[in-house]
Peer 1: 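Please read through the structure below; I'll follow up with questions.
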There are 2 protein chains.
Amino acid sequence: MKPTIYDVAEKAGVSIATVSYVMNNQKVGKKSKEKVLKVMEELNYKPSVLASALTGKRTTTIGFLLPDLANPFVAGMARRVEDRAHERGFNVVICSTDFDEGKEALYTSLLKQKSVDGFILAGDFKNAAVVRELLQEYTPVVLLAASHPSLSVTSVTVDDFAGGYEVASHLISLGHEKIAVIAEDAASSQGRIHGYKQALQDQGLEIREDMIVISNSSSEDGERLAEKLLDRSDPPTAIFACNDLLAIASILVARKKGLRIPDDLSIAGFDNTLLSRSSDPPLTTVEQPVQDMCSQVVDLLIEEIEGKSKTKQRIVMLPKLMIRNSTGVCPLENKV
Amino acid sequence: MKPTIYDVAEKAGVSIATVSYVMNNQKVGKKSKEKVLKVMEELNYKPSVLASALTGKRTTTIGFLLPDLANPFVAGMARRVEDRAHERGFNVVICSTDFDEGKEALYTSLLKQKSVDGFILAGDFKNAAVVRELLQEYTPVVLLAASHPSLSVTSVTVDDFAGGYEVASHLISLGHEKIAVIAEDAASSQGRIHGYKQALQDQGLEIREDMIVISNSSSEDGERLAEKLLDRSDPPTAIFACNDLLAIASILVARKKGLRIPDDLSIAGFDNTLLSRSSDPPLTTVEQPVQDMCSQVVDLLIEEIEGKSKTKQRIVMLPKLMIRNSTGVCPLENKV
DNA sequence: CTGAAAGCGCTAACAC
DNA sequence: GTGTTAGCGCTTTCAG
């Protein structure tokens with residue numbers, strides 16, 4: 001059997017309390033301490049986190065709910081969150097929710113039974129009721145790349161409005177006027193769309209709602225929507241996709257239709273995933289400071305877990321437009 | 001406070017044992033059972049997994065150690081593993097090890113302290129000592145996309161030899177004779193290289209060890225190596241990269257050098273990640289049956305956890321060559 | 001400074 | 001069937 005605190009105590013000739021004290025760095029006589037440490041070493045003793053947690057201590061495990069781990073942008077965040085969490089001595093249990101309220105509720109419930117110390121909810125968390133419940137029972141929660149205006153919960157996001165504004169402005173400066181948007185059914189996309197609209201308005205361009213379509217975030221759906229947009233009698237000269245996956249899907253469709261990018265059609269994405277560098281042409285996109293965002297959420301969550309957090313806060317980080325070759329000047333014949 | 005088994009027992013007018021029995025589907029009088037169930041509902045009672053596990057039951061949590069979650073192929077596996085685990089009622093805690101023996105040892109140790117029910121080790125797990133230890137203390141372990149010939153541990157892999165053989169044969173059939181390999185420092189790459197060599201040998205072609213280089217798996221290193229290969233006085237006409245990331249890196253380098261793909265240079269990858277579809281040209285690569293592999297490992301691990309597994313086994317699944325446009329006939333001037 | 005003992009929430013004999 | 005009770009391994013008063 002694995003050695004327990006009793007084994008250590010006995011072999012060291014002290015009580016289990018003393019052993020516990022040395023593990024928790026409490027005042028212990030030098031002699032006893034050394035002896036205990038030595039025995040722990042000899043027995044290769046590792047305290048049980050379960051037993052410890054049962055008495056009220058932390059499990060040093062956090063739950064990380066995200067939309068879909070297979071999405072490269074999400075996986076990138078997960079890696080960063082994991083790294084930071086490990087640095088701080090926490091493990092991460094990951095659950096993909098697919099934007100499904102049922103899964104969101106189920107997984108949070110399961111993880112609560114397992115006594116995770118807190119939750120990071122990434123992307124658009126649909127089930128507000130669950131968040132509200134977490135909040136009111138004082139379970140530490142922070143949102144990542146998502147925020148809930150009506151809820152008092154700390155969050156870390158990128159400035160979606162600014163991102164959308166910059167992309168649209170960039171496209172407008174290239175002479176585009178018919179700029180379509182392929183969005184996700186998520187709050188972040190709404191922010192990007194707002195930014196896009198503002199840019200259009202600031203330049204006195206007409207905002208056409210029929211140029212804005214919502215996808216279910218899958219590549220297939222992205223292709224379907226891109227195809228539909230390009231088949232219009234009055235097709236856009238530029239497409240702003242709310243993530244790189246959708247942008248790539250658009251590129252694929254455009255290529256299939258024999259359109260040259262960016263000569264015939266400009267395409268911009270969002271997230272700056274590795275997809276955007278490998279695509280042809282390399283994708284103009286918006287970079288999110290993933291590393292900083294993830295370190296921050298983890299730190300904020302741990303502050304809450306440790307009860308050190310003063311106030312809830314919403315941190316908004318600035319995105320950065322990465323201009324590459326998928327966007328170019330608007331073809332003349334399409335100008336009004 | 002959260003309700004405990006005592007609260008339920010009291011309110012239902014029974015003993016805690018009875019409550020415990022109904023939770024574990026043991027024989028309980030119909031009346032009592034209904035009453036207890038009703039109270040559990042009213043109190044919204046959720047049993048503590050910690051307390052339950054402390055008495056010897058499972059935590060229904062498995063540890064999943066992988067090289068790097070940010071790698072799209074790995075993230076794809078993680079998603080599948082997660083899905084299957086959830087279907088079976090398990091949660092997954094994920095740890096990226098970066099092929100670092102220290103991290104491998106550290107994370108397994110931490111997770112053991114947290115009493116995970118078992119481990120899935122994916123990719124090349126360097127620290128054989130750790131695996132051996134796990135095995136000898138009867139901790140359930142299975143390997144995914146990796147195997148350890150000298151260890152008696154169940155594993156699920158793709159047939160790397162076959163994959164390498166097929167890629168090389170395909171290239172040879174296109175007339176290539178100078179085929180370079182950019183590999184990872186992993187056992188899977190060794191298998192692929194063996195397959196590649198066998199194909200060359202079967203066709204009576206010379207095997208040149210200086211055409212085989214090992215990367216540290218990063219894109220940057222991939223680019224560096226590809227560049228070095230192409231700068232040789234006697235450059236290859238085709239590159240077989242042992243994963244898509246490295247293949248993309250090669251494409252990037254080739255493009256930078258003004259080489260046309262596949263006219264001047266053919267490039268093949270491995271894994272069939274979404275990168276291979278979005279790249280230009282689309283990448284010829286080898287598909288691994290990720291979904292099946294992942295369902296299998298999870299099922300096998302759970303069998304071990306439940307003590308139902310009869311014997312250790314090594315399952316090898318067959319890969320599938322996906323021919324796309326990054327490979328083409330060998331340019332004539334380069335033929336010997 | 002250290003030991004004895006009472007829990008933490010649940011399971012599992014062992015009785016009744 | 002169901003209640004009593006002794007742990008599971010660790011933390012934490014409370015004495016001494």
Side-chain angles (χ1 to χ4, degrees), chain A residues 1-40 43-61 109-117 137 306, chain B residues 1-40 43-61 109-117 137 306:
Chain A
M1 267 320 278
K2 274 182 59 172
T4 72
I5 195 173
Y6 286 95
D7 302 319
V8 177
E10 185 175 4
K11 187 156 180 198
V14 299
S15 76
I16 61 168
T18 302
V19 177
S20 179
Y21 292 148
V22 344
M23 289 195 288
N24 297 287
N25 292 310
Q26 315 229 20
K27 295 255 140 294
V28 177
K30 192 154 185 173
K31 298 259 165 178
S32 307
K33 182 161 180 177
E34 279 173 5
K35 182 69 179 161
V36 168
L37 253 15
K38 189 160 141 282
V39 172
M40 280 162 88
L43 261 39
N44 188 29
Y45 168 71
K46 307 282 183 200
S48 157
V49 173
L50 290 191
S52 159
L54 193 56
T55 72
K57 306 204 91 174
R58 356 219 81 101
T59 53
T60 54
T61 301
S109 174
L110 282 176
L111 295 187
K112 276 197 293 187
Q113 288 190 48
K114 294 188 181 177
S115 306
V116 297
D117 296 328
E137 61 194 23
E306 295 180 337
Chain B
M1 267 321 278
K2 275 182 58 173
T4 72
I5 196 173
Y6 286 95
D7 301 319
V8 176
E10 185 174 4
K11 186 157 179 196
V14 298
S15 76
I16 60 168
T18 303
V19 178
S20 178
Y21 291 148
V22 345
M23 290 196 287
N24 297 288
N25 293 309
Q26 314 228 21
K27 297 255 139 292
V28 177
K30 193 155 183 167
K31 298 259 165 179
S32 307
K33 182 163 181 176
E34 278 172 5
K35 182 67 179 161
V36 168
L37 253 14
K38 190 161 139 282
V39 172
M40 279 161 92
L43 261 39
N44 188 29
Y45 168 70
K46 307 281 183 199
S48 156
V49 173
L50 290 191
S52 159
L54 193 54
T55 72
K57 304 205 91 174
R58 356 219 81 101
T59 54
T60 55
T61 301
S109 173
L110 282 176
L111 295 186
K112 276 197 293 186
Q113 287 191 49
K114 294 188 181 177
S115 306
V116 297
D117 295 328
E137 62 195 21
E306 295 180 336

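The sequence lines fix the lettering, A, B, ..., with proteins before strands; numbering per chain opens at 1.
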Peer 1: With a 3.5 Å distance limit and no angle check, can you tell me whether B:D7 reaches the backbone of B:T4 through a side-chain donor-acceptor pair?
Peer 2: yes
Peer 1: For B:S48, give me all partners under side chain to side chain donor-acceptor pair (under 3.5 Å), at least two apart in sequence or on another chain.
Peer 2: none
Peer 1: Could you tell me which residues satisfy side chain to side chain donor-acceptor pair (under 3.5 Å) with A:T59, sequence neighbours excluded, listed by chain and number?
Peer 2: A:D117
Peer 1: With respect to the phosphate group of D:dT2, does any side-chain polar atom (N or O) of B:T18 fall under 4.0 Å of OP1 or OP2?
Peer 2: no
Peer 1: Quick one: salt bridge (charged side-chain N to carboxylate O under 4.0 Å, His left out) partners of A:K46, sequence neighbours excluded?
Peer 2: none
Peer 1: Would you jot down, in residue-number order, the residues of residues 43-59 of chain B having a non-hydrogen atom under 4.0 Å from DNA chain D?
Peer 2: B:L54, B:T55
Peer 1: Name every residue in residues 1-13 of chain B that has at least one heavy atom under 4.0 Å from any atom of DNA chain C, in order of residue number, or write none if there are no such residues.
Peer 2: B:T4, B:I5, B:Y6
Peer 1: Pairs of donor and acceptor atoms involving the side chains of residues 26-37 of chain B, under 3.5 Å and at least two apart or interchain, shall be tabulated with distances.
Peer 2:
none

Peer 1: Which part of the nucleic acid does B:V19 contact within heavy-atom distance under 4.0 Å: base, sugar-phosphate only, or nothing?
Peer 2: nothing
Peer 1: So if I take the C1' atoms of five pairs at each end of the helix from C:dC1-D:dG16 to C:dC16-D:dG1 and get each local axis, what angle do the two axes make, rounded to 10 degrees?
Peer 2: 40°
Peer 1: Who pairs with A:E306 by side chain to side chain donor-acceptor pair (under 3.5 Å), at least two apart in sequence or on another chain?
Peer 2: A:K308
Peer 1: Run the side chain to side chain donor-acceptor pair (under 3.5 Å) test against B:S52 and tell me which residues pass, sequence neighbours left out.
Peer 2: none
Peer 1: Distance check needed: C:dC10 C1' versus A:Q113 CD, whole Å only.
Peer 2: 13 Å
Peer 1: Looking at residues at least two apart in the chain, or sitting in another chain, which of them share a salt bridge (charged side-chain N to carboxylate O under 4.0 Å, His left out) with B:K57?
Peer 2: none
Peer 1: If I take atom CD1 in residue A:I16 and atom C1' in nucleotide D:dT12, what distance separates them, rounded to the nearest angstrom?
Peer 2: 10 Å
Peer 1: Contacts to DNA chain D from residues 20-39 of chain B, heavy-atom cutoff under 4.0 Å, which residues?
Peer 2: B:Y21, B:V28, B:G29, B:S32
Peer 1: For A:E10, give me all partners under salt bridge (charged side-chain N to carboxylate O under 4.0 Å, His left out), at least two apart in sequence or on another chain.
Peer 2: none
